[in-house]
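See structure below.
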2 protein chains.
Amino acid sequence: MCGQCNYRSLLQAGGLEPTLNRLRVLEVIGSNSSPLSAHDILATVNRTAGINRVTVYRILGLLVSKGLVERLSGGGRSLVYGLAPNEHHPAHPHFHCRSCGALQCLQPGSLKVDLRGIERSFAGEIQGVEVRVDGICRNCLKRA
Amino acid sequence: MCGQCNYRSLLQAGGLEPTLNRLRVLEVIGSNSSPLSAHDILATVNRTAGINRVTVYRILGLLVSKGLVERLSGGGRSLVYGLAPNEHHPAHPHFHCRSCGALQCLQPGSLKVDLRGIERSFAGEIQGVEVRVDGICRNCLKRA
DNA sequence: TGACAAATGCAACTATGTTGCATAATGTCA
DNA sequence: TGACATTATGCAACATAGTTGCATTTGTCA
Ligand SMILES: [Mn+2]
Ligand SMILES: [Mn+2]
Ligand SMILES: [Zn+2]
Ligand SMILES: [Zn+2]
């Protein structure tokens with residue numbers, strides 16, 4: 001979630017024409033409190049203006065390839081999309097509820113990952129680390 | 001990968017009849033050096049004896065629900081399956097190559113995750129943490 | 001053996017994501 | 001501005017991953 005990002009500038013910084021569709025997709029991702037699936041992004045954008053499913057997938061691919069958006073495993077069958085870490089948005093882990101499927105952002109720094117061991121012993125190039133905590137969310141605990 | 005597991009006992013410990021299909025699926029998972037997709041498991045089991053695709057999915061669901069096998073995000077569209085952590089198999093992170101898609105197990109302990117911050121601040125029940133490191137593997141680096 | 005339950009197979013289906021190709025919108029430059 | 005190229009979008013078809021309903025087979029046990 002971000003109140004400080006200028007999405008038009010972000011797109012231009014990534015070398016992408018700031019078309020209306022791209023702006024809408026990026027705004028939906030940026031204004032949501034947790035990462036969204038392509039399906040949810042499509043549905044949300046569609047509430048204000050028509051957009052094709054394939055266009056959404058293509059825009060998501062572009063945004064990820066330019067580093068504006070990160071693509072994560074949602075814990076289920078679909079991938080989810082959130083703003084990529086930047087100066088306003090520190091990287092952070094996510095929590096996936098195995099009961100209701102909800103996904104939430106956890107505090108940046110709430111979970112420390114020490115990469116030094118891998119960086120020493122691993123022969124490839126490390127580009128990112130995804131941490132997903134799984135369990136039962138508070139709401140589902142109450143219901144049970 | 002495991003040379004020490006008695007798969008038949010594992011199944012029985014999980015309250016599952018040790019049918020041939022279940023044994024074969026569990027052996028394929030247990031003898032591979034990295035987690036496998038349902039597609040790969042099906043193909044491997046099929047080399048020695050016929051088995052239906054749906055049966056494989058159902059067995060995988062059972063093995064996961066009984067805690068014998070863990071289901072992970074493979075970094076792409078499909079989920080992958082590996083032996084669940086136990087006394088012979090400490091939990092460990094995985095590496096996903098964005099170029100060739102290969103998945104490898106990393107050393108247990110090569111990447112330390114400190115859960116204490118979350119355990120203090122998070123209201124739900126934490127059941128597991130999945131860590132996936134993404135990047136370019138050694139082979140793909142050489143090729144480039 | 002016969003009754004019952006559990007496991008498997010098969011067809012059809014859903015969900016998610018991709019490709020090829022046509023059209024529409026936009027940018028470039030004379 | 002008008003011609004032309006480039007880029008973005010839409011649409012249909014396809015591909016892949018996973019699920020469901022229901023019939024058949026296999027196993028358990030009295
Ligand atoms: Mn987040
Ligand atoms: Mn592993
Ligand atoms: Zn929940
Ligand atoms: Zn590779």
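Keep in mind the model is a prediction, meaning the values are calculated, not measured. Naming convention: chains lettered A, B, ... in sequence-line order (proteins, then strands); numbering from 1 in each chain.
- Across the protein-nucleic acid pair, B:I59 atom CD1 and D:dT19 atom C1' stand 16 Å apart, rounded to whole Å.
- With no hydrogens or angles considered, a side-chain donor-acceptor pair links B:H94 and B:H92 at under 3.5 Å.
- In this structure, the CG atom of B:N21 is 16 Å from the P atom of D:dT25, given to the nearest Å.
- A donor and an acceptor atom, one from each side chain of A:S73 and A:R132, are located under 3.5 Å apart.
- With sequence neighbours left out, the salt bridge (charged side-chain N to carboxylate O under 4.0 Å, His left out) criterion links A:R77 to no other residue.
- Between A:L16 atom CG and D:dT9 atom C1' there is a gap of 15 Å when expressed in whole angstrom units.
- Nearest to the side-chain atoms of B:R53 among the listed nucleotides D:dG18, D:dT20, D:dT9 stands D:dG18.
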Verdict with reasoning, A:V131 to A:V113, per side-chain contact (heavy atoms from CB on, under 4.5 Å): CA-CA 9 Å; A:V131 177; A:V113 173; 3.8 Å; yes
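- Remark: B:Y57 is in phosphate contact with D:dG18, judged by side-chain N or O atoms under 4.0 Å from OP1 or OP2.
- Between A:R22 and D:dA8, a side-chain N or O to OP1/OP2 separation shorter than 4.0 Å is present.
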Test log, rule side-chain contact (heavy atoms from CB on, under 4.5 Å), inputs B:R8 and B:L11: CA-CA 5 Å; B:R8 183 176 300 268; B:L11 286 171; 5.9 Å; no
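- Within 6.0 Å of CD in A:Q127 there are more than 12 heavy atoms belonging to other residues, nucleotides or ligands.
- Crowding of A:E119 atom CD: a count of heavy atoms from other residues, nucleotides or ligands under 6.0 Å exceeding 12.
- At a cut-off of 3.5 angstrom, the base of D:dG18 holds no donor-acceptor pair with the side chain of B:R58.
- Of the residues in residues 62-81 of chain A, A:R77, A:S78, A:L79 come within less than 4.0 Å of DNA chain C through at least one heavy atom, sorted by number.
- The side chain of A:E17 sits closest to D:dA8 out of D:dA12, D:dA8, D:dG10.
- With a 4.5 Å cut-off on side-chain heavy atoms, B:F122 and A:L106 count as touching.
- Boundaries of the chain A contact region on DNA chain C are C:dA15 to C:dG27, first to last in 5' to 3' order (nucleotide atom under 4.0 Å from a heavy atom).
- No more than 12 heavy atoms of other residues, nucleotides or ligands shown are found within 6.0 angstrom of NE2 on A:H39.
- D:dT26 atom C1' lies 15 Å from atom CD1 of B:I51, rounded to whole Å.
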